[in-house]
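In what follows, chains carry the letters A, B, and so on, assigned in the order in which the sequence lines appear, proteins first and then strands, with residues in each chain numbered from 1. All figures in this text were calculated on a predicted structure; none of them were measured in a lab.
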Amino acid sequence: MLDHDVAIVGGGLLGSAFGWGLARAGQKTIVFDEGDTAIRTARGNFGLVWVQSKGQTMPDYAAWSLQASQLWPDFADELKDSTGIDIHYVREGYNIAASEVELEQAIAGQERIKAGMGDRAYSYEVIDRKTLKSVAPLVSDTVPGAIYTGHDGHCNPLFLMRALHQDMQTKGGDYRPNTPIDAIRPAPGGGFDLFSGCGRLLASAERVIVAAGHGSGELVRDYGIDLPVHADQGQVLVTEKVSEVFSFATGTVRQTDNGSFLLGASSKEIGLDTRTDLPTLAEIVRYCLSIFPFLGNLRLQRAWGALRVMTPDGCPIYQQSDSYPGLFSFACHSGVTLASVHALMVTKWILDGQIPSEFDVFHPRRFHV
Amino acid sequence: MTADVVIIGAGPAGLSLAIGLAQLGVCVEIIDEGQTAGGQVYRAVSRNSSNKQLLDWLGLDYAKGAAVVSDAQKLDRISWRMATSVWDIRCEDEGIELGLVVDGKVSVVKSNHVVLATGAMERPTPFPGWTLPGVVSMGAAQTLLKDAGLLPEDGVVLAGQGPLLYLFASQILAAGVRPKAVLDFAPKWVAPKNLPLLARALISSGKMIAKGLHLRNQISAAGVEHLFNVKRIEAFGDDSLNRVRYLHRGVEKEVETKLLLVHDGVIANTHITTAAGCAHNWDKQQAAWIPRRNTLGQTSCKNLWMLGDGAGIAGADAAVLQGRIMARAIAMKLDLSPPYGEHQNRADLQALSRITILRRFLDRQYAPVAAFSNPPDETMICRCEAIKAVEIRTLARSGCMGPNQLRAFSRAGMGPCMGRQCGGAISRIMAAETGQDIADIGHFSIRTPLKPVTLAEVASLHKVEP
Amino acid sequence: MFKRARNIQSKVSILFDGQPIAAEEGETVAAALFAAGILSFRQAPEDDSPRGPYCMIGNCFECLIEIEGLGGRQACQTRVRDGMVIARHRGLATVEAGS
């Protein structure tokens, strides 16, 4: 007896986006989530909806990010209309270079994306210091310039998750916190059974999405599914709130809707460790101050280590099991940027029961060629 | 750093431990935020030692702190880092790293043995109107008296419950202040179910209970209205407080005042232990989180010890005893033989257990005020982000599985105080709303910085090797 | 309201919103303002409500105030200095270039 159309393991930004999209499509959906102190990558997010750094080595990822960015305005509007929660999506972002060398590297990266995209339209602008100063007067005089694409922006990632959770439930989705899933087994007669650690059957569903971040790999390993992800720690700092200085985002600094500045982020492979360390924090701040010296006077409010769900090439993994059709497993580190396509497009794949062939490039078999 | 042991906190616990260790030949460094040693209990006691009038008002239990401070200051094995805040703590197997800030200068120290003697804080008292200027905690008013010689003006209203209410009332009465009323949430008489605890406390600490009763009786003896069993308060005013509404014997009444001092007991301040990653237990008796410790006083973080009220409220006298006992334990760890005989340690332990018996009664008799524990919807819970109880309840019902998710979804606890004022209330409200035990609901995680630092100060560390 | 138990022994002068206030050397900014009858230190940007010191031991961050041009400083943890310039916060602090 199947009691649900789709069961989702993981209530982070991926799971919530799928849960919302499927509930919105009228599917009987249940989302299983762990407890309050589980490793939660979605709570540590920087909040960028960012295109220009994505897919420099994989054009399809660049195109996918671009599509996500194009869907974002309507996605944010719909969430606000149905929940009243403003997730403060602002589509304005600059990749500010701290030095001439950085600017050259950034331009080279944009050229790679452009070349890789082929006949798909992609353009970018190099903004010189003078022009940048007209939008960001407080930028340091040592900054040579920035890259602008018109696609980059930012939002409040915590309110994004809150809105998805709230509206998913309003639309009939069943959300089960404090309910880790220990095993997924093919159900007799089709579909899948989901079990707790003590072997209790919690739900049976025609289709299952495993989107449990760092916990996914272990869940699907028994089915011969390869989900190679590792934790990439990024430390982030947030300052006290001040009145609005600028509304745009940069790749490393953004002022949030409530007035605080976020500064990020480092990249370190140290396992599932969310602690901060002073040398890393100091290095992040030193770099950000070299772009925006005025930040030095602001009080540090909070700092944390977030754990990106990193794949070997940094690009997303989307796959359906060959031996167990209906069992999907997804992983990526850009849960905010891709939230729109996850909610509005990937959920269609689930309904159709197959991932369109043009997305085969995101199958982890790419790591074995 | 040359000290064998670093102690954070120069209150009675930290001072006693430092004295004990120094006497055993251990080099100690004390770090404290204060300008002078003494912590909150003995705040500014050496500076006030020439102010006889103030000492008279504050009483002997305060005045005796001067001897503790000067005993510590005489020992050259104790070095001092005063006016210094610990804003970062990181525990590793090979030692504990502390980020310090003093007057805008940051530095990092490492030590193999760190002891937290970081003390207590007042239990926050959320009620409608408590964010109005003029509503101040009673501990704050007492701090102002010790630190700056400020007294509440006549007409002040005292509300809440607990030993500090009676102590502070007697202190300001001695100074000639005429409070308008004392709105006591505690019952006048001990409930029958608490009598066995009282009986035991009378046997072990009869003098202390007599002293408490004496303090309490001074309120009505001075002709001040002392209402018991008050059930609810609410504060009103525009730019600041002008009146207080309260519920007493089923009747709502109002009293005009510019200053309302509120108190609901003290709890362990677990900010630093939580940030350090220590395990905590929900202590039913004290209705508070306390860091888990072994019998020696070691937390779950290696080389991180804790004593005093920060490890569970027991008061200044207990803190002094704990300091002596822990000094012997740490000296043993450092392979120094304790010069005290075993009997000395046993005597200290016995004295400590007498205080523990009294504390059991006090914790029961002055259990947290129900009206503050689960306040009405319109009450501001997170003062920093202006999040009211109604929003906490709504989120708790909609599947927020714990306070950390709730903080992410609502911003409650994300403001400058980092949840010190709202964390307890949020866990309690979530527990009440979902019918779960607080121990299962859990508490906020705490992140650096523990004390304010600017980004420029953080950046100044960038050449410091880890 | 609070009053001084005894007259100022070692007087310094601070400026609060342009008004000179007499203070005792070494006391906290919060104590000095309380003694001068000032209870409201800022207007909270979150709900525009007036706020003032609550805990006096650096825990509650309600006493945040502008000191010497820098916003968000804890009045209960900062000691007065002669000539110190203090201002009430209205809404969010503003930032200026340079640091």
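- Expressed to the nearest 0.5 Å, how far CG of B:L455 lies from CZ of A:F261 amounts to 10.0 Å.
- Within residues 81-89 of chain A, no residue has any heavy atom less than 4.5 Å from a heavy atom of chain B.
- The closest donor-acceptor contact from the side chain of A:D36 to the backbone of B:M401 lies at 3.5 Å or more, if one exists at all.
- With a 4.5 Å cut-off on non-hydrogen atoms, A:N156 does not touch chain B at all.
- Below 4.5 Å, heavy atoms of chain B meet heavy atoms from A:Q169, A:Y175, A:P177, A:N178, all part of residues 169-180 of chain A.
- Options A:K241, A:E34, A:R43, A:E283 differ in how many heavy-atom pairs under 4.5 Å they form with chain B, and the most are formed by A:R43.
- Ion pairing between A:R299 and B:E457 fails under the 4.0 Å rule for side-chain N and carboxylate O.
- Residue B:L395 touches chain A through its side chain alone, counting heavy-atom pairs closer than 4.5 Å.
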> Passes salt bridge (Lys or Arg N to Asp or Glu O under 4.0 Å), A:R275 versus B:E97? Steps please.
Replying inline: CA-CA 13 Å; A:R275 295 180 304 163; B:E97 190 179 282; over 6 Å; no

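- With a 4.5 Å cut-off on non-hydrogen atoms, A:I284 does not touch chain B at all.
- In this structure, B:V106 and A:L278 have side chains that are not in contact, with every pair of non-hydrogen atoms separated by 4.5 Å or more.
- Few gaps surround NZ on B:K451; more than 12 heavy atoms of other groups in view lie less than 6.0 Å from it.
- Remark: B:T394 OG1 to A:Q166 CD distance equals 9.5 Å, nearest 0.5 Å.
- Remark: A:L289 CG to B:H462 NE2 distance equals 10.5 Å, nearest 0.5 Å.
- Between B:R447 and A:T274, the side chains place a donor N or O and an acceptor N or O closer than 3.5 Å (distance only, hydrogens not considered).
- Remark: the backbone N or O of B:V458 is not paired with any side-chain donor or acceptor of A:R286 at under 3.5 angstrom.
- One distance of note links CG of A:D277 with CG of B:L461; it measures 11.0 Å at 0.5 Å rounding.
- The candidate from B:A275, B:G399, B:C400 with the greatest count of non-hydrogen atom pairs under 4.5 Å with chain A is B:G399.
- Using a 4.5 Å cut-off between heavy atoms, B:N404 touches chain A through backbone and side chain atoms alike.
- Taking the side chain as every heavy atom from C-beta outward, A:M161 and B:Q405 approach each other to under 4.5 Å.
- Every ring pair (Phe, Tyr, Trp, His ring centres under 6.0 Å) that A:H342 has, sequence neighbours left out, goes to A:F18, A:Y318.
- Taking the side chain as every heavy atom from C-beta outward, B:T454 and A:L300 never approach each other to under 4.5 Å.
- B:R90 places a side-chain N or O within donor-acceptor distance of the main-chain N or O of A:T276, the cut-off being under 3.5 Å.
- By a heavy-atom distance cut of under 4.5 Å, B:R407, B:A408, B:F409, B:S410, B:R411, B:M414, B:G415, B:P416 are the residues of residues 406-416 of chain B near chain A, going up by number.
- The 12-atom threshold is exceeded at NZ of A:K268, counting heavy atoms of other residues, nucleotides or ligands nearer than 6.0 Å.
- A 6.0 Å sphere centred on CG of B:D239 holds no more than 12 heavy atoms belonging to other residues, nucleotides or ligands.
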